[in-house]
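Everything below concerns the one structure shown next.
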Amino acid sequence: MRHLLSTEQLSRENAIQILDTAQEMSAVGEREIKKLPALRGRTVVNLFFEDSTRTRISFEAAAKRLSADVINFSAKGSSVSKGESLKDTAQTLEAMSADAVVIRHWASGAPARLANSGWIDAAVINAGDGTHAHPTQALLDAFTMRAHWAKLSGNPSVGADLQGMRVVIAGDVLHSRVVRCNVWLLRTLGAHVTLVAPPTLFPVGVEHWPCEISYDLDATLDAGVDAVMMLRVQAERMNASFFPSTREYARRWGFDDARLARLDALNLKDTIIMHPGPMNRGLEISSAAADSPRSTVLAQVRNGVSVRMAALYLLMSGELRTEQSDAAAQHPTSPSSTDLPSAKDPS
Ligand code: CP
């Protein structure tokens, strides 16, 4: 496998290989000198057409911990604002000998376009494209769940997959690239996933995804849950009113203080609360929940560096095994070029 574009392309074996490698990489973060020589002399370009804090910084940290040279490119302040196309931008970076390009783009399908166009030779890693996919986020979420699941089993060496884990993902499913990647990866790893959202924030066709859907967050908690992942309300992608008010949203679909207390009342003492960040505190998650001992928000950020080290290393060394997942073969849902917005076509 040359590129990492979505989690649908990952077989169980691919996913486990990345997670196991990330586990080894996490040991580097514990050392006094947090460096490996694995990618010395190689160049990683971070190509960000959309804002990011966690993903951009952790890809940079990951590449540096592997001793790669790193070029950070942000569309703001670049010649993109003068109208330069994705193709010309990418080829400019290729001319600087990029071995891997980590790309975040507002257009769903831009990373696939870059990977399949023949414009560049570098490995392409999708760092989030439109509402389509964010595979390294899903992998770091799975890594975080796996550590928790292994601890619960009492045997940290177990944890090959998430068989039997009950995961609830709640919030703005419609606009979330994180949820799409999580549903596919968690299914591949054996978890049972329930999505919760207001009816207006489910996409058309969600009934065909490999998960349950619900409109009632309390009912899903009452049924028993091992991990609750709250999704950010993506106001910047909303061009209409999707719920009556922020207060109503927080009361019905937010993980508020009452729901935090509900986990205790239900004796769900080991349930973790996750959020990919950035968080809208007081909307989809209360501060008490975000800062509680159940919260894995900062662990997710920490784990992101290890997972991105693993992804960079495996793709750039050519060691990621090449089997395609059954899911990818049966559900080829990666956006085609016709899904790309024409007004600001990335080519
Ligand atoms: N979770 C995530 O992608 O965060 P950033 O937008 O800060 O990278």
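In listed order, ligands and their atoms are each counted from 1. Heads up: numbering here begins at 1 and tracks the sequence.
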Query raised in the report: atom 6 (O) of ligand 1: which protein heavy atom is closest, and how many Å away?
Result: Arg104 NH1, 2.9 Å

Query - Rounded distance (nearest 0.5 Å) linking atom CZ of Arg54 with atom OG1 of Thr136 - result: 12.5 Å

Query raised in the report: Is it true that Gly128 lies under 4.0 Å from ligand 1, counting heavy atoms only?
Result: no

Query raised in the report: Applying a strict 4.0 Å limit to heavy atoms, is Glu50 in contact with ligand 1?
Result: no

Query raised in the report: Can you list the ligand 1 atoms lying under 4.0 Å from a non-hydrogen atom of Pro276?
Result: 1 (N)

Query raised in the report: Within the structure, does Thr55 bring an N/O atom to less than 3.5 angstrom of an N/O atom in ligand 1?
Result: yes

Report task. Quick one: sort the Phe202 and Tyr215 rings into parallel, tilted or perpendicular, breaks at 30° and 60°. Result -> perpendicular

Query - Those atoms of ligand 1 less than 4.0 Å from some heavy atom in Thr53 - result: 5 (P), 7 (O), 8 (O)

Report summary line: re atom 4 (O) of ligand 1, the protein heavy-atom contact at minimum distance is Arg54 NE, 3.1 Å

Query raised in the report: Side chains of Glu236 and His175: do they bring a donor and an acceptor to under 3.5 Å?
Result: no

Report task. Run through Lys35, Arg31, Met309 and flag the one making a side-chain contact (heavy atoms from CB on, under 4.5 Å) with Arg65. Result -> Met309

Query raised in the report: Tell me, do Leu195 and Trp209 make a side-chain contact under 4.5 Å, heavy atoms counted?
Result: yes

Query raised in the report: For ligand 1, which atoms sit closer than 4.0 Å to a heavy atom of Gln137?
Result: 1 (N), 2 (C)

**Report entry** Polar proximity ligand 1 side, Pro278 side, N/O cut 3.5 Å exclusive
**Finding:** no

